[in-house]
Each structure stands twice: as structure tokens, then as C-alpha cells.
Amino acid sequence: MLAAVVEALAARHAGHPERRVRELLARVAERWPGADAALVRCAGRWAGFARLLASWPEEAPPPPQGPRLARLRALAASGRDPQYAAAEAERQVDRPGGRLTGHTKGLPVPGQGRSHGTL
């Protein structure tokens, strides 16, 4: 249920005061351990929401925490666009080294004489 709230808030945050959106995000993150992944995923979809997460003011309630959000903020602070930083943060945290896990031998390719019908 909280995932739906976060997605709706991310999609419609532009019509609301940023202070209020940040308060709601802080409350949700307090009560939901999976908020980090959902927030970064939403930031990858909506550029304005990514900027909101990347530039959290000091006087606002404490920002949501997590490895993906920390990576998003670090990348944005180094000059990356926040929306692209969100996508990169999600990939890097979920796949150590930025590589797909579980695929160590590459793609299967048919051997000589065993083609799949190409000309």
C-alpha cells in the first residue's frame, strides 16, 4: 500500500508545496524499510521528483535514508542529472559492480553448423 502512496506522490508532487511533500516522504520512510528502493525507482521516472530527493534542505525533516538514496545524492552532488543519477544508483546498488548477477558465461550462441535460420 505504501508503494502506491509513494508512486502517486511522485507522479503528482508538482502541484503541492515541496515542504509538504518532503514531510510526507519522511513519514513514509520512517515506517517502511523498503522506501529506499521505491523512492529511487520513482525518481528515475519523474525528473522533478528526482530533483526533490537530491536537494533536501537542512531545515526540512531528516531525509529518507538508504543505500540507493545515498548513491543518488552523491551522484547528483557530483554534477549528474538527478533523474539519471537515480537510474544509475538503482543499477549500482542492485548489481554490485554494475554487472548483471548470475550471468557468468555470456549469451548462449549456437555453434558452427547449428544456426537458427539466419541468411
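Treat the numbers as computed from the prediction; the structure is a model and nothing was measured.
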Out of curiosity, does [Y] fall in the hydrophobic cluster containing [X] (side-chain heavy atoms, cut-off under 4.5 Å, transitive links)?
X     : Y     : result
Leu53 : Val21 : yes
Leu75 : Leu52 : no
Trp46 : Leu25 : yes

Closest non-hydrogen atom pair between Val40 and Ala89, with its separation: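 Heavy-atom minimum between the residues: CG1-CB, 4.5 Å.
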
Residue pair Leu72 / Ala50: nearest heavy atoms and the distance that separates them: CD2-O, 4.5 Å

Please tabulate, for the side chains in residues 54-66, all donor-acceptor contacts under 3.5 angstrom to protein atoms that are two or more places apart in sequence or on a different chain.
residue	atom	partner	partner atom	Å
Ser55	OG	Arg51	O	2.8
Trp56	NE1	Pro61	O	2.6
Gln65	NE2	Pro63	O	3.0

Salt bridge (Lys or Arg N to Asp or Glu O under 4.0 Å) pairs, two or more places apart, involving residues 4-20: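 Listed once each, the pairs are Glu7-Arg45, Glu18-Arg22, Arg19-Glu23, Arg20-Glu23.
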
Qualifying ring pair (Phe, Tyr, Trp, His ring centres under 6.0 Å) pairs, either residue in residues 1-27, two or more places apart: His13-Phe49

Qualifying side-chain hydrogen bond (donor to acceptor under 3.5 Å, both in side chains) pairs, either residue in residues 73-87, two or more places apart: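 Listed by first then second residue: Arg80-Glu88.
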
